[in-house]
Amino acid sequence: VLILLFVLGLVLVLTSATIGLTTANAELTKNGGSMDSSMYQYIMSNTAESYRIVGAILAIITGVGALMAGFIGYKQSKN
C-alpha cells in the first residue's frame with residue numbers, strides 16, 4: 001500500500017502542470033470561451049501548485065514509511 005501511494009504521489013507531482021492546464025481550459029470553456037488572461041494564469045498555476053504540494057507530501061510520507069517498514073523487516077529477518 002505504501003509503495004502504491006508513493007507512486008501516486010510521484011504521478012501527481014509529475015502531472016501537476018497538465019492537471020493545471022486542463023483545469024484552466026475547463027474553466028475557460030465554462031466561462032463561455034473568454035477570460036482575463038491573468039485569471040487563466042492564476043487558475044492554471046495555483047491548481048498545478050496544489051497538486052504538486054499534495055503529491056510531494058504524499059510521496060515523502062509514504063516513501064519514508066516504506067523505507068522504515070523495509071528496515072524493520074530487515075532487522076527482524078536478521079534476528
Side-chain angles (χ1 to χ4, degrees):
V1 173
L2 290 174
I3 301 298
L4 291 176
L5 289 176
F6 176 74
V7 171
L8 176 64
L10 287 180
V11 169
L12 284 175
V13 169
L14 296 175
T15 61
S16 63
T18 304
I19 294 170
L21 185 61
T22 303
T23 303
N25 285 334
E27 289 299 316
L28 182 65
T29 303
K30 189 167 53 171
N31 202 30
S34 68
M35 180 185 287
D36 184 37
S37 61
S38 62
M39 181 57 78
Y40 181 85
Q41 182 68 28
Y42 176 80
I43 292 169
M44 184 175 62
S45 63
N46 280 348
T47 303
E49 187 65 25
S50 296
Y51 277 93
R52 192 173 299 125
I53 290 170
V54 168
I57 291 170
L58 188 63
I60 289 170
I61 290 173
T62 57
V64 169
L67 287 174
M68 288 175 60
F71 181 70
I72 290 170
Y74 174 75
K75 279 183 70 173
Q76 287 179 349
S77 69
K78 281 187 87 173
N79 291 335

Checklist entry - What distance separates Ser37 OG from Leu28 CG, expressed to the nearest 0.5 Å? => result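 Ser37 OG to Leu28 CG: 11.0 Å, rounded to 0.5 Å.
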Checklist entry - OG1 of Thr29 to CE of Met35: how many Å apart, nearest 0.5 Å? => result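 Interatomic distance, Thr29 OG1 to Met35 CE, rounded to 0.5 Å: 8.5 Å.
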Checklist entry - With hydrophobic residues grouped by side-chain heavy-atom distances under 4.5 Å, do Ile61 and Ile53 end up in a single group? => result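 Same cluster.
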Checklist entry - Do Met44 and Tyr42 sit in the same hydrophobic cluster, where Ile, Leu, Val, Met, Phe, Trp and Tyr count as joined when their side-chain heavy atoms come under 4.5 Å apart? => result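 Per the 4.5 Å side-chain linkage, Met44 and Tyr42 are co-clustered.
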Between [X] and [Y], which heavy-atom pair has the shortest distance, and what is it?
X     : Y     : value
Leu10 : Ala59 : N-CB, 4.2 Å
Thr62 : Leu58 : OG1-O, 2.6 Å
Val13 : Arg52 : CG2-O, 3.7 Å

Side-chain contact test, heavy atoms from C-beta onward, threshold under 4.5 Å: evaluate it for [X] versus [Y] and give yes or no.
X     : Y     : value
Tyr40 : Leu21 : yes
Asn31 : Met39 : no
Lys75 : Lys78 : no
Tyr51 : Thr47 : yes

